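Below you'll find the structure, written out as C-alpha cells, and then a few comments.
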Amino acid sequence: MLGLMLVLAGCSTTPITENSTGIWDGGIILSFSKAIIFLSKLFGGNYGVGIIIFTIIIRVILLPLMIYQTKSMRKTAEVQPQLKALQAKHSGKDAATVQKLREEQQKLYAEAGINPVAGCLPLLVQMPILLALYQAILRTNVLKTGEFLWLQLGDKDPYFILPIFAAILTYFVSKLGVMSQPEANSMSTMMVYGTPIMILVTAVNLPSALSLYWVITNAFSVGQTLLINNPFKITREREEKVRLEKEKVQAIKKAKKKAYKGRNKK
C-alpha cells in the first residue's frame with residue numbers, strides 16, 4: 001500500500017485528451033475516462049454512479065479469475081496439515097533438506113491441483129486497473145471536478161466516511177477468508193487486522209473516487225465470498241466430515257470388539 005501511494009503520487013497530471021498517445025495514456029486511461037463518462041451520462045451525468053457501475057463491470061469481468069483464486073486458496077488451505085507434516089519431516093536448514101522440502105511441496109501442490117501463484121493473479125491484474133482509474137479521474141477535468149453526494153471525486157473525503165467504510169469492508173473480506181481456513185495462523189490474523197488499517201491510511205490520502213472504488217469492490221467481494229466460498233457452509237461441511245470420520249472409527253472399533261468377543265465365546 002505504501003508503494004502504491006508512492007506510485008500514485010508520482011503519476012503524471014497532464015490532462016487526458018483525444019490527442020493523447022501511447023498504450024497507457026491514449027489507450028488504457030483514455031478508454032477508462034470515456035467509459036466512466038459514458039456510464040455517467042446514462043444516469044443523468046452523475047459521475048459517482050458512473051464510477052460505481054464501471055467498478056461493478058470490472059468486477060464482473062474479473063469474476064472468473066476471482067473464482068479461480070478462491071478455489072485455489074481453498075485447496076491450499078485444505079493441504080495445510082500435510083504441508084506442516086512435510087515441514088516437520090524436513091526441518092533441517094542445510095541445502096539438501098531445503099531442496100527436498102521444496103520438491104515435496106511441489107509434488108503435494110501438483111497432486112492437489114494447486115497453483116501457488118494463483119493467489120497473486122487478481123492483485124497483479126487489479127493494480128494496473130487501480131492506477132488507470134486514479135489517472136483517469138485525476139487527468140480528466142470533468143471527472144476530477146465531478147461531485148457525488150458530499151464528495152468532490154478528485155479530492156479527499158473531508159469526513160473520512162468512505163475510507164472508513166472501505167476499511168470495514170476490507171476487514172469483512174479478510175475475516176471471511178480466514179474463517180474458511182482449517183487453521184488460523186499469525187500471518188492470517190495479522191492480515192485480518194493489518195490490511196484494513198493500510199486501506200484506511202491509503203484511502204484518506206487519495207481522491208474520494210478511489211475510496212468509492214474500494215467500497216464497491218469490497219462490498220462485491222463480500223457478496224462473492226458468501227455465494228462462492230461461504231465460510232459458514234465450509235465449516236459445516238468440515239465438521240460433518242470430521243463427525244463421519246469419528247463415526248467410522250467408532251464403528252470399526254465396535255466391529256473389532258464384537259469379533260473379539262465372538263472368538264472368546266468359541
Side-chain angles (χ1 to χ4, degrees), residues 1-14 16 24-25 28-29 32-33 35-36 47-59 61-62 65-66 69 73 119-140 143-178 186-225:
M1 288 300 167
L2 292 175
L4 173 61
M5 290 178 65
L6 292 174
V7 171
L8 294 178
C11 287
S12 172
T13 57
T14 305
I16 288 293
W24 183 247
D25 284 6
I28 298 174
I29 299 178
F32 273 39
S33 177
I36 295 172
Y47 296 108
V49 175
I51 291 173
I52 291 173
I53 301 301
F54 180 79
T55 302
I56 293 173
I57 291 173
I58 291 294
R59 291 296 304 191
I61 292 172
L62 294 178
L65 180 60
M66 302 303 292
Q69 178 206 28
M73 290 177 67
C120 301
L121 289 177
L123 180 62
L124 294 176
V125 172
Q126 288 186 76
M127 284 297 289
I129 292 173
L130 187 62
L131 292 172
L133 179 62
Y134 173 84
Q135 289 213 356
I137 293 164
L138 185 69
R139 299 170 65 184
T140 306
L143 296 178
K144 183 179 180 181
T145 57
E147 296 181 352
F148 178 63
L149 301 176
W150 68 93
L151 306 166
Q152 183 163 320
L153 297 171
D155 293 338
K156 303 173 186 176
D157 184 342
Y159 307 114
F160 309 117
I161 295 174
L162 282 185
I164 291 172
F165 267 110
I168 291 172
L169 288 169
T170 299
Y171 167 79
F172 281 120
V173 172
S174 303
K175 184 66 175 177
L176 289 171
V178 170
S186 57
M187 178 63 70
S188 59
T189 301
M190 183 178 70
M191 291 292 290
V192 169
Y193 297 101
T195 307
I197 293 173
M198 289 190 291
I199 286 289
L200 177 62
V201 172
T202 305
V204 297
N205 290 287
L206 292 176
S208 56
L210 287 188
S211 296
L212 182 61
Y213 172 82
W214 263 320
V215 167
I216 302 304
T217 292
N218 288 329
F220 193 98
S221 295
V222 169
Q224 173 187 301
T225 301

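When reading the values below, keep in mind they use all heavy atoms of this one structure, side chains included, and skip hydrogens, waters and symmetry mates. Computed from a predicted structure; not experimentally measured. We count residues from 1, following the sequence as given.
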Flag side-chain contact, heavy atom, 4.5 Å: [X] against [Y]:
X	Y	value
R59	S221	yes
F148	Y47	no
N205	K156	yes
L206	W214	yes
Y159	I164	no

(message) Among residues at least two apart in sequence or on other chains, which ones pass ring-ring contact (aromatic ring centres under 6.0 Å, His included) with F32?
(response)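 Per chain and number, F32 pairs via ring-ring contact (aromatic ring centres under 6.0 Å, His included) with F54.
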Kindly compute the distance separating [atom1] ([X]) from [atom2] ([Y]), expressed to the nearest 0.5 Å.
X	Y	atom1	atom2	answer
T195	L200	OG1	CG	12.5 Å
L153	I36	CG	CD1	9.5 Å
I56	T217	CD1	OG1	9.5 Å

Side-chain donor-acceptor pairs under 3.5 Å in residues 169-177, sequence neighbours left out?
| unit_1 | atom_1 | unit_2 | atom_2 | d |
| --- | --- | --- | --- | --- |
| T170 | OG1 | A166 | O | 2.7 |
| T170 | OG1 | N218 | ND2 | 2.8 |
| S174 | OG | T170 | O | 3.1 |

(request) Could you list the residues that satisfy side chain to side chain contact (heavy atoms under 4.5 Å, CB included) with F165, not counting sequence neighbours? (result)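 F165: side chain to side chain contact (heavy atoms under 4.5 Å, CB included) contacts with I161, V215.
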(request) Please confirm whether the backbone N or O of I29 pairs with a side-chain atom of S33, one donor and one acceptor, at under 3.5 Å? (result)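 Checking the backbone N and O of I29 against the side chain of S33, no donor-acceptor pair under 3.5 Å is found.
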(message) Closer than 3.5 angstrom, by distance alone: can the side chain of S208 be matched with the main-chain N or O of L151 as a donor-acceptor pair?
(response) no
(request) Only counting residues at least two apart or in another chain, list the ones meeting side chain to side chain donor-acceptor pair (under 3.5 Å) with T55. (result) none
(message) The criterion is side chain to side chain donor-acceptor pair (under 3.5 Å); which residues satisfy it with S211, sequence neighbours excluded?
(response) none
(message) Please find the pair of heavy atoms, one from L143 and one from A136, that lie closest to each other, and give the distance.
(response) CD1-O, 3.7 Å
(message) Apply side chain to side chain contact (heavy atoms under 4.5 Å, CB included) to residues Y213 and I52 and explain how you reach the verdict.
(response) CA-CA 7 Å; Y213 172 82; I52 291 173; over 6 Å; no
(message) Among L149, V49, L162, exactly one meets side chain to side chain contact (heavy atoms under 4.5 Å, CB included) together with L212. Which residue is that?
(response)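 Single side chain to side chain contact (heavy atoms under 4.5 Å, CB included) partner of L212 among L149, V49, L162: L162.
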